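Treat the numbers as computed from the prediction; the structure is a model and nothing was measured.
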Amino acid sequence: MSIEEQTIFEKLGVEYEEVDGIFYPKLDSIPTEKEQLGDIGKYGLLWVDHMKANYPIRYHALLRFGELQDKACMVNELAYELLDDIESEWLSQHKPKQRDSFWEMYQLRMQARMMAEEMVMVDVVKVWH
């Protein structure tokens, strides 16, 4: 059965039992919120917390339909791509005066990371996807 043809319960991995020729979902086997989220990454977790706090209806709808993990993984991937792009662009514009100086390179990289993380939080994490 393809993914498009699966029911919400099948997407969530819920088992069925047959009674008199009718299949009933075993509701005790529905995965919890923690089980559904699995490993979604740093920015995925931050996005989930943001959705839970600011858009509870949308959050519960995504959770109920088994789409929360997919959305959170997408947000996490998008955030890391943007983070890498911003960092590399900033570092290409701000060259160190002393290329052999570990401390100067460390400071430049930390500054780039902090700026990029702030932009990622505003542009990706705290957005309704």
Would you compute the distance between atom [atom1] of [X] and atom [atom2] of [Y] and round it to the nearest 0.5 angstrom?
{"X": "K71", "Y": "M51", "atom1": "NZ", "atom2": "CE", "value": "8.5 Å"}
{"X": "L91", "Y": "I86", "atom1": "CG", "atom2": "CD1", "value": "12.0 Å"}
{"X": "R58", "Y": "L68", "atom1": "CZ", "atom2": "CG", "value": "9.5 Å"}
{"X": "S88", "Y": "Q93", "atom1": "OG", "atom2": "CD", "value": "10.0 Å"}
{"X": "L45", "Y": "I40", "atom1": "CG", "atom2": "CD1", "value": "4.0 Å"}
{"X": "L83", "Y": "M121", "atom1": "CG", "atom2": "CE", "value": "11.5 Å"}

| request: Take M110 and M105 through the test side chain to side chain contact (heavy atoms under 4.5 Å, CB included) and record every step on the way to the result. | output: CA-CA 9 Å; M110 288 304 293; M105 285 301 295; over 6 Å; no

| remark: Note: V127 and V122 closest approach over all heavy atoms is CG2-O, 3.6 Å

| task | Locate the shortest heavy-atom distance separating G44 from N76; write the atom from each residue and the value. | result | N-OD1, 3.5 Å

| task | Can you sort out the partners of Y55 under ring pair (Phe, Tyr, Trp, His ring centres under 6.0 Å), two or more places apart, ordered by chain and number? | result | H50, W128

Are the side chains of [Y] and [X] in contact, using a 4.5 Å heavy-atom criterion?
{"X": "L78", "Y": "V124", "result": "yes"}
{"X": "M115", "Y": "W90", "result": "yes"}
{"X": "E77", "Y": "Y43", "result": "no"}

| request: Check the pair D85, Y80 against side chain to side chain contact (heavy atoms under 4.5 Å, CB included), reporting the backbone distance first and the verdict last. | output: CA-CA 9 Å; D85 291 345; Y80 274 109; over 6 Å; no

| query | If you look only at pairs with a residue in residues 89-118, which of them pass as a salt bridge (Lys or Arg N to Asp or Glu O under 4.0 Å), with sequence neighbours excluded? | reply | K42-E117, E87-R113

| Neighbour count >12 (heavy atoms, 6.0 Å) for atom CE, M119 | no

| query | Does the ring centre of Y16 sit less than 6.0 Å away from the ring centre of Y24? | reply | no

